[in-house]
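The next block holds one structure in the form of structure tokens; read it before the comments.
Here is how names work: the chains are called A, B, and so on, in the same order as the sequence lines, proteins then strands, and each is numbered from 1. Basis for what follows: all heavy atoms, side chains included, without hydrogens, waters or symmetry-related copies. The shown structure was predicted, so the numbers you read here are calculated from the model rather than taken from an experiment.
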There are 2 protein chains.
Amino acid sequence: MRHELLRERLRERRWRITPQRRSVVEALSGPNLHLTAEEIFARARAVVPEISRATVYNTLRELVEMGELAEMQIGPGPALYDPNAVVHHHHLVCSGCGRIHDIHPLGVKHLYLREEDRDGFELQRVEVVFHGRCRACEESEDT
Amino acid sequence: MRHELLRERLRERRWRITPQRRSVVEALSGPNLHLTAEEIFARARAVVPEISRATVYNTLRELVEMGELAEMQIGPGPALYDPNAVVHHHHLVCSGCGRIHDIHPLGVKHLYLREEDRDGFELQRVEVVFHGRCRACEESEDT
DNA sequence: GTATATGCAAAGCATTTGCATTAAA
DNA sequence: TTTAATGCAAATGCTTTGCATATAC
């Protein structure tokens, strides 16, 4: 989420700025963030204690619809929200601790689908998820 | 799921063959299959009407744990089960109708993660999901 | 005969929705 | 002042679980 111009972009779309929404947006600032709705709720509640889960979910859905936030599903369990929606990127997931690293498309060489495999599809985007074990999990015991 | 040797592999693991489990396994035979638990339940019930959802879910979980079946999550909604678990492959999802095509790894050229992007991870596998619109959806109106 | 699988119904988790109240613009 | 956002609680959709009964081996 590009925070500098965010408020203006949201105002343009006639988004009312409330303390609740502000706390959700603030919870989503920082690098390499991949949070569940519950985690965002906890962070938002630390600032605005009366915020409800419903408002968090509503706000997240709206931000996703506006293209400001990316929602992703890594395996089962709750969805993850990635504020880094503007710059297209891929993910590297640790199967030990579940932590996720962003990978810029540059890290993926020649991701290309051959004509005969496209099967007439009009391609829109590609999602790549690398699964592995991070150094910390690799060094500790097996999980 | 390689059906020729499946019964033997399952017997080796002391899996009791019941009509219910057989109907679930039969529901999963066919090419390019990506079914929800509910769809598998419907197919199984057509053969064994007294089967319960719980048994379908239990059986699917067991097959996944045995490595005979792949479970995947494409966006929100129910998980999809892909019997083609032995041969590693990727997916092409139509954002119009939701239909999924298998893509063999050969269709993806040079999927490679640079050393400096690996960030110390020990890579295990890569999941690639192409999103697009199939010819049928492309030709009909916008969805 | 014994261990395991089954069906049922209830519980669980993540998320959405209806609605009366509150507050931003 | 008007229109939209909020909190609450109930409802939803998908999946798992506890337990008594039935059944494959």
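Look at A:Glu38 and A:Arg43 and you find no salt bridge, because none of the NZ, NE, NH1 or NH2 atoms lies under 4.0 Å from a carboxylate O. Salt bridge A:Arg61/A:Glu71: absent, no basic N to carboxylate O contact under 4.0 Å.
Following rounding to the nearest Å, B:Leu60 (CG) and D:dT16 (P) show an atom-to-atom distance of 9 Å. Rounded to whole Å, atom P of D:dT15 lies 11 Å from atom CD of B:Glu39. Rounded to whole Å, the distance from CD on A:Glu71 to C1' on C:dT15 is 10 Å. Rounded to whole angstrom, the span from the CG atom of B:Asn58 across to the P atom of D:dT15 amounts to 13 Å. Rounded to a whole Å, the CZ atom of A:Arg45 is 11 Å from the P atom of D:dC8. Atom CD in A:Glu38 sits about 9 Å away from atom P in C:dT15, given to the nearest Å. A straight line from CZ of B:Arg22 to P of D:dT23 spans 14 Å, rounded to a whole angstrom. B:Arg11 has its CZ atom 14 Å from the P atom of D:dA24, to the nearest Å.
Counting non-hydrogen atoms under 4.0 angstrom, A:Arg14 reaches nothing in the nucleic acid.
One distance of note links CZ of B:Arg11 with CZ of B:Arg9; it measures 12.5 Å at 0.5 Å rounding. Taking NE2 of A:His90 as the reference point, atom CD1 of A:Ile100 lies at 14.5 Å (rounded to 0.5 Å). The NE2 atom of B:His101 lies 12.5 Å from the NE2 atom of B:His89; values are rounded to the nearest 0.5 Å.
You'll find that the side chain of A:Tyr57 is closest to C:dT16, out of D:dG7, C:dT16, C:dT6.
Regarding contacts with the backbone of D:dG7, a side-chain N or O of A:Thr55 is found under 4.0 angstrom from either OP1 or OP2. The phosphate of D:dT23 has neither OP1 nor OP2 within less than 4.0 Å of any side-chain N or O from B:Gln20.
Interface remark: the A:Arg16 side chain does form a donor-acceptor pair with the D:dT3 base, using a distance-only criterion of under 3.5 Å.
In this structure, A:Thr18 and B:Arg53 both approach DNA chain C, and ranking their closest nucleotides by distance from the 5' end singles out B:Arg53. Positionally, the nearest nucleotide of DNA chain D for B:Arg61 lies more toward the 5' end than for the other of B:Arg61 and B:Ile17. Closest-nucleotide positions on DNA chain D for B:Trp15 and B:Ala37 were compared, and the one nearer the 5' end corresponds to B:Ala37.
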